[in-house]
Amino acid sequence: MSRLQHLQERRAHDCRLSPDRALQTLDEAESFLHDRGLLTRTTDCALPSLFEACHEEPYGADKAGFGQWPKTKWRWSGALLERQGIHGPKVHAGKTLYLTDDTAALADPICRSELERMDAADPDSALLLRQLGNAGPSSADDLRVELGLKARELKAIRSPLERCGAILSLRLEESRLARWDHVFPEASPGGGIEDLIVAGVRAAVVAPEAELRRWFSWKWLVDAELVDRLVEEGRLERPEPGWVSLAEGE
């Protein structure tokens, strides 16, 4: 068996890709996240997926969008975010990415940098960030009232801020928006895009190299030499051309 075949078999087990490995409870889903470090909600790349690991028929097989979510376990999408130490920033190109405290720490320096960038780059973003800075986590309704915005106007401002990780939704009590630095008041001593890419490869076990650039919203940080550097440093390897995995021993 080739190295790639071995990794793909391990991926099928670790990422729960077969029905015999289906998640049965929300507690199992939480353990799955802590084991992998990060999860997408739906299947769209090599990163492990919460709903793919459910192996449940869709809510509406003939419907697109939400209709393709698991028939009963779709509720886990929000319930998982109500658990302590689990976060769901929309940094998977605008889609929710489930993170633990540990993997959120890897994204921390990027999200703090994005807070500064968006505050300086766009007056509307700066207005929303300043309001959240003064008031703390706030509901969308409260923000619309305080800023005098219509729902679609608030959405147009918040969406790019969520996409880059400057703000995120909290689900522990009620759905509220918060600045990244309010959720994580202390800056992480490490992290960054290279650490986050390595964490993603670990989560996936093995992945097509061409995918890595679209895993996270910050595509401009994934330069053409990033994988080469990580391979040279002994953090990643190419089991076959076009594929990446953790280096043996990592």
Side-chain angles (χ1 to χ4, degrees), residues 11-104 107 137-141 143 151-152 154-156 158-165 167-178 180 183 199-200 202-205 207 211 214-217:
R11 167 178 163 75
H13 177 275
D14 292 356
C15 295
R16 295 178 173 265
L17 301 183
S18 58
D20 63 297
R21 294 275 292 150
L23 296 170
Q24 301 298 329
T25 67
L26 185 59
D27 286 343
E28 283 191 1
E30 181 179 5
S31 295
F32 180 44
L33 171 58
H34 282 288
D35 175 62
R36 294 292 85 205
L38 50 84
L39 301 174
T40 63
R41 176 186 283 138
T42 57
T43 311
D44 60 14
C45 64
L47 293 175
S49 158
L50 172 65
F51 284 168
E52 184 174 27
C54 290
H55 295 280
E56 185 178 57
E57 62 181 349
Y59 180 80
D62 59 340
K63 299 177 181 177
F66 296 148
Q68 296 303 305
W69 288 18
K71 188 172 184 178
T72 63
K73 297 174 184 175
W74 63 268
R75 297 177 177 85
W76 292 3
S77 174
L80 197 57
L81 294 174
E82 293 172 356
R83 301 206 164 190
Q84 291 286 349
I86 294 178
H87 314 281
K90 293 185 177 180
V91 296
H92 180 50
K95 300 177 184 178
T96 298
L97 187 70
Y98 296 93
L99 302 175
T100 64
D101 283 339
D102 289 342
T103 43
S138 307
S139 69
D141 286 344
L143 288 170
R152 67 175 181 276
L154 176 60
K155 182 178 180 180
R158 67 179 276 190
S159 291
L161 289 169
E162 288 182 295
R163 185 184 183 95
C164 73
I167 64 174
L168 66 161
S169 293
L170 306 180
R171 298 272 314 214
L172 291 177
E173 298 172 3
E174 59 178 295
S175 184
R176 295 171 297 159
L177 291 174
W180 178 273
V183 181
R202 180 201 167 276
V205 180
E211 270 194 13
R214 62 182 179 90
W215 278 356
F216 307 108
S217 297

Evaluate the criterion side-chain contact (heavy atoms from CB on, under 4.5 Å) for residue pair Ile86 and Leu99; output intermediate values, then yes/no. CA-CA 6 Å; Ile86 294 178; Leu99 302 175; over 6 Å; no
**Prompt:** Going through the distances and angles, do Arg36 and Val205 end up as a side-chain contact (heavy atoms from CB on, under 4.5 Å)?
**Reply:** CA-CA 9 Å; Arg36 294 292 85 205; Val205 180; 3.7 Å; yes
(Q) side-chain contact (heavy atoms from CB on, under 4.5 Å) for Thr42 and Trp69? Distances and angles first, verdict last. (A) CA-CA 8 Å; Thr42 57; Trp69 288 18; 3.9 Å; yes
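In this structure the side chain of Leu81 reaches within 4.5 angstrom of the side chain of Tyr98, judged on heavy atoms. Side-chain contact between Pro89 and Trp180 is present, with at least one heavy-atom pair separated by less than 4.5 Å. Taking the side chain as every heavy atom from C-beta outward, Trp215 and Leu97 never approach each other to under 4.5 Å. Side-chain atoms of Arg16 and Pro48, non-hydrogen and from C-beta on, never get closer than 4.5 Å to each other. Leu177 is listed as a side-chain neighbour of Ser169, based on a closest heavy-atom distance under 4.5 Å. Counting heavy atoms from C-beta on, the side chains of Leu168 and Val91 never come closer than 4.5 Å.
Side chain of His55 to backbone of Ser18: a donor-acceptor contact under 3.5 angstrom is found. Looking only at distances, no side-chain donor or acceptor of His92 sits under 3.5 Å from a matching main-chain atom of Ser217. The closest donor-acceptor contact from the side chain of Arg176 to the backbone of Leu170 lies at 3.5 Å or more, if one exists at all. Distance alone, capped at 3.5 Å, is enough to place a donor-acceptor pair between the Gln68 side chain and the Lys63 backbone. Of the possible polar contacts, one joining the Thr100 side chain to the Thr103 backbone as a donor-acceptor pair under 3.5 Å is found. A donor-acceptor distance shorter than 3.5 angstrom exists from the side chain of Arg11 to the backbone of Ala204, with no hydrogens or angles considered. With hydrogens and angles disregarded, no donor-acceptor distance shorter than 3.5 Å links the side chain of Thr96 to the backbone of Arg41. Counting only distance, with no hydrogens or angles, the side chain of Glu30 and the backbone of Arg83 share no donor-acceptor pair below 3.5 Å.
In this structure, the side-chain contact (heavy atoms from CB on, under 4.5 Å) partners of Lys155, at least two apart in sequence or on a different chain, are Ser159. When the side-chain contact (heavy atoms from CB on, under 4.5 Å) test is applied to Ala140, the partners found at least two apart in sequence or on another chain are Leu154, Arg158. A search for side-chain contact (heavy atoms from CB on, under 4.5 Å) contacts involving Asp141 returns Ser139, Arg144, not counting sequence neighbours.
Across all non-hydrogen atoms, the minimal contact from Cys45 to Arg214 is CB-NH1, 4.1 Å. When all heavy atoms of Val183 and Ala178 are compared, the closest pair comes out as CG2-CB, 3.8 Å. Between Leu38 and Ala203, the shortest heavy-atom contact is CD1-CB, 4.0 Å.
Annotation: the span from Leu33 atom CG to Leu39 atom CG amounts to 4.5 Å, rounded to 0.5 Å. A distance of 12.0 Å separates OH in Tyr59 from CZ in Phe66, rounded to the nearest 0.5 Å. Atom CZ of Phe32 and atom CG of Asp27 lie 15.0 Å apart (nearest 0.5 Å). Leu50 contributes atom CG, which lies 9.5 Å from atom OG1 of Thr43 (distance to the nearest 0.5 angstrom).
A salt bridge is defined here as a Lys NZ or Arg NE, NH1 or NH2 lying under 4.0 Å from an Asp or Glu carboxylate O, and Glu56 with Lys73 fails to meet this definition. The pair Glu57-Lys71 meets the salt-bridge criterion, with a side-chain N (NZ, NE, NH1 or NH2) lying under 4.0 Å from an Asp/Glu carboxylate O.
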